[in-house]
Amino acid sequence: MDLTDSIAPTSDQLDAVDLLGGPRTFTIDAIGAGNAEQPVNIKLVEFPRVWRPGKSMRRVLVACWGADGSKYVGRRVRLYCDPDVKFGGQAVGGTRISHLSHIDKKRQVPLLVTRGKSAIFVVQPLVETVEDRVAEYKLEWRTATPERRKVIKAEVAALTNPEAPSTPPVAEEPETKPEELEAEDFDADDDPTLPDDPDLALPAQEGATR
């Protein structure tokens, strides 16, 4: 039994406790304005609630990607739960960035830790294999909506078979007459790319992503 859903917080945003199971990688879908306390809402493709990065992580994003948030759409970010993040002098944990796509080398960003004291925060470039992406899709599949599952299937198919044509080829004249084919040879619901059972392994091939 997967207990992930049972520990999800009652919240309208991604929280550090959502990452207790380990780091997760997300694709940025859109960026919008928030409120005075949390001025930035980042919509994630693979997660139902927005990510509202704190000031420190916003500084990391600007240092690595620039100040134009509209350019972040489509980029990837790996987040993790840092249990040492403090609030009011107490270690309460917080969401932190470990890797970002669209950077060519390790970035070191000076951040204010406490009043008058700074430290260097390190962000690594995000390099993903096909297996990495398929594993992320498998994790997301468990809670994805039917519409999102259709997108996941298409993405996995493109990742695992990049040589496949984008449009189906024109069908050639079959050598066997239709009446000679058995009905059991066809199943319109078959999808060898990604079974409905999330516990079944997804196909994966080694290689770089698109």
Side-chain angles (χ1 to χ4, degrees), residues 9 11-87 92-137 139-140 144 148 151-152 154-156 158-159 162 207-210:
S11 174
D12 64 347
Q13 66 179 10
L14 182 145
D15 294 308
V17 294
D18 289 306
L19 305 170
L20 288 177
R24 288 190 61 181
T25 307
F26 302 100
T27 307
I28 294 179
D29 187 42
I31 295 184
N35 54 37
E37 292 183 357
Q38 297 172 310
V40 178
N41 289 334
I42 298 181
K43 184 180 179 183
L44 305 169
V45 172
E46 301 87 353
F47 199 76
R49 290 176 267 124
V50 297
W51 171 40
R52 296 185 177 120
K55 184 175 289 186
S56 292
M57 292 303 97
R58 295 198 302 271
R59 287 173 174 160
V60 169
L61 291 173
V62 171
C64 295
W65 283 349
D68 186 355
S70 65
K71 294 182 179 179
Y72 297 1
V73 176
R75 297 184 180 186
R76 302 266 288 167
V77 54
R78 181 168 296 160
L79 304 176
Y80 69 99
C81 174
D82 182 354
D84 296 326
V85 172
K86 294 182 178 181
F87 182 79
V92 296
T95 303
R96 291 289 182 260
I97 298 167
S98 64
H99 296 70
L100 289 173
S101 67
H102 294 75
I103 58 174
D104 56 1
K105 60 183 180 181
K106 177 177 69 177
R107 299 293 180 90
Q108 298 184 348
V109 183
L111 295 178
L112 190 64
V113 179
T114 59
R115 183 170 298 180
K117 182 180 178 181
S118 62
I120 298 298
F121 187 85
V122 178
V123 182
Q124 299 288 350
L126 180 61
V127 180
E128 298 177 286
T129 66
V130 169
E131 289 182 348
D132 292 333
R133 293 299 298 270
V134 171
E136 288 288 340
Y137 281 130
L139 180 62
E140 183 191 355
R148 177 61 186 161
V151 175
I152 291 174
E155 290 290 338
V156 170
L159 285 170
T209 59
R210 295 175 296 165

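In this chain, numbering begins with 1 at the start of the sequence shown.
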Pairs touching residues 102-112 that satisfy side-chain hydrogen bond (donor to acceptor under 3.5 Å, both in side chains), sequence neighbours left out: none

Taken to the nearest 0.5 Å, the spacing of L159 CG from I152 CD1 works out to 11.5 Å

If you apply the rule side chain to side chain contact (heavy atoms under 4.5 Å, CB included), what do you find for V151 with R148, and how did you get there? CA-CA 5 Å; V151 175; R148 177 61 186 161; 3.3 Å; yes

Would you say that L100 contacts R75 through its side chain, given a criterion of any heavy-atom pair below 4.5 Å between the two side chains? no

Quick one, L19 with L14, criterion side chain to side chain contact (heavy atoms under 4.5 Å, CB included). Give me CA distance, side-chain angles, the key distance, then yes/no. CA-CA 9 Å; L19 305 170; L14 182 145; 4.3 Å; yes

What pair of heavy atoms forms the shortest contact from G93 to A16, and how long is it? C-CB, 4.3 Å

Spacing of CZ belonging to R49 relative to CG belonging to L44, to within rounding of 0.5 Å: 10.5 Å

Side-chain contact, heavy-atom cut-off 4.5 Å: L61 with I42? yes

Any non-hydrogen side-chain atom of R96 less than 4.5 Å from a side-chain atom of F121? yes

Derivation of the side chain to side chain contact (heavy atoms under 4.5 Å, CB included) call for L79 and M57: CA-CA 10 Å; L79 304 176; M57 292 303 97; over 6 Å; no

Under 3.5 Å donor-acceptor pairs involving side-chain atoms of residues 21-41, not counting sequence neighbours:
unit_1: T25; atom_1: OG1; unit_2: R78; atom_2: NE; d: 2.8
unit_1: T25; atom_1: OG1; unit_2: R78; atom_2: NH2; d: 3.4
unit_1: T27; atom_1: OG1; unit_2: E46; atom_2: OE2; d: 2.6
unit_1: T27; atom_1: OG1; unit_2: R76; atom_2: NH1; d: 2.8
unit_1: N35; atom_1: OD1; unit_2: E37; atom_2: N; d: 3.1
unit_1: N35; atom_1: OD1; unit_2: Q38; atom_2: N; d: 2.6
unit_1: Q38; atom_1: NE2; unit_2: Q13; atom_2: OE1; d: 3.2
unit_1: N41; atom_1: OD1; unit_2: R52; atom_2: NE; d: 2.6
unit_1: N41; atom_1: ND2; unit_2: A33; atom_2: O; d: 3.4

Would you indicate whether the side-chain heavy atoms of T95 and V85 approach each other to under 4.5 Å? no

